[in-house]
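Here the structure comes first, spelled out in structure tokens, and everything after it is commentary.
The figures that follow rest on heavy atoms only: side chains count, while hydrogens, waters and symmetry mates do not. Just so it is clear, the model here is predicted, and its values are computed rather than measured.
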Amino acid sequence: MKGDHEVIFVTNHIQNMNRAIVMLLLTLLGSSLESVAAPTLPETANVRGLLLAAIDSRDGTAQAWLIGDMALKLKNDTKTPPNTRVKASVTTVQVIRPGCKRLRLVLGMPDHKMKTVKGTMEPFSMFYELNLCRDGQPPLVSPVGTGEAR
């Protein structure tokens, strides 16, 4: 009889240890999957650099968390909580010529919802489009991609 209690005790103890190990493994696996699924974005206060990075990138995109004066002004103007992050994303709309593209810059706050004109609550987002060449000039005045020397 005493041996039966010891077997039950040991069995219960092993089951509890197995649960703890499984929970630990799930926690570790979950955090590693999260880091794979959501790579951390760099931070930048330089939107111009992000635009130029999109011109040079293989897929025509660039993104980063916006910090500094521009992010602060945007957060102040929209009355967001201080810990709100501003995400800047640049995508290529059109290739005008080599080294010159039409870019779309989206500034958004994925965690901050605002009331729309339709009355729904949506994450804040605004965008701009511009034509830009690798030298920082618009295509009409930039010799980039034309073979001309400046």
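The NZ atom of Lys79 lies 10.0 Å from the NE2 atom of His112; values are rounded to the nearest 0.5 Å. The structure places NZ of Lys73 at 10.0 Å from OG1 of Thr78, a figure rounded to the nearest 0.5 Å. Distance check, rounded to the nearest 0.5 Å: CD of Gln137 to SG of Cys100 gives 10.0 Å. Put simply, CZ on Arg97 and CG on Asn131 are 10.0 Å apart, with the number rounded to the nearest 0.5 Å. For the atom pair Ser57 OG and Gln63 CD, the distance stands at 10.5 Å (nearest 0.5 Å). Here the straight-line distance linking atom CD1 of Ile55 with atom CG of Leu132 works out to 4.0 Å at 0.5 Å rounding.
Nearest approach of Leu107 to Phe124, heavy atoms of both residues: O-CE2, 4.1 Å. Closest non-hydrogen pair, Val93 versus Leu103, comes out as CG2-C, 4.2 Å. Closest approach of Ala53 and Ala62 over heavy atoms only: CB-CB, 4.0 Å. In this structure, Asp135 and Ser142 approach most closely via the heavy-atom pair OD2-OG, 2.9 Å.
The shortest distance between side-chain heavy atoms of Met109 and Met114 does not fall below 4.5 Å.
Connection of Val90 to Leu52 is established within a shared hydrophobic cluster, with ILVMFWY side chains joined at heavy-atom distances below 4.5 Å, either directly or through further cluster members. No continuous path of ILVMFWY side-chain contacts below 4.5 Å connects Leu51 to Ile96, so the two sit in separate hydrophobic clusters. In the hydrophobic clustering of this structure, Met126 groups with Leu50; members are Ile, Leu, Val, Met, Phe, Trp, Tyr whose side-chain heavy atoms approach within less than 4.5 Å, directly or through other members. Transitive grouping of hydrophobic side chains (ILVMFWY, heavy atoms separated by less than 4.5 Å) brings Leu74 and Tyr128 into a common cluster.
The hydrophobic cluster around Met121 extends to none of the other residues, as no ILVMFWY side-chain heavy atom falls under 4.5 Å of it.
Residues satisfying the side chain to side chain donor-acceptor pair (under 3.5 Å) test with Gln94, not counting sequence neighbours, are none.
A donor and an acceptor atom, one from each side chain of Thr61 and Asp59, are located under 3.5 Å apart.
A salt bridge does not link Lys87 to Glu43: none of the charged nitrogens lies less than 4.0 Å from a carboxylate oxygen. Ion pairing between a basic and an acidic side chain is recognised when a charged N comes within 4.0 Å of a carboxylate O; Arg102 and Glu129 show such pairing. The residues Arg134 and Asp56 are annotated as salt-bridged, a charged nitrogen and a carboxylate oxygen being separated by less than 4.0 angstrom.
The main-chain N or O of Thr84 is never found under 3.5 Å from a side-chain atom of Thr80 such that the two would form a donor-acceptor pair.
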Can I get a per-line list of side-chain donor-acceptor pairs under 3.5 Å for residues 64-71, giving both atom names and the distance, sequence neighbours left out?
none

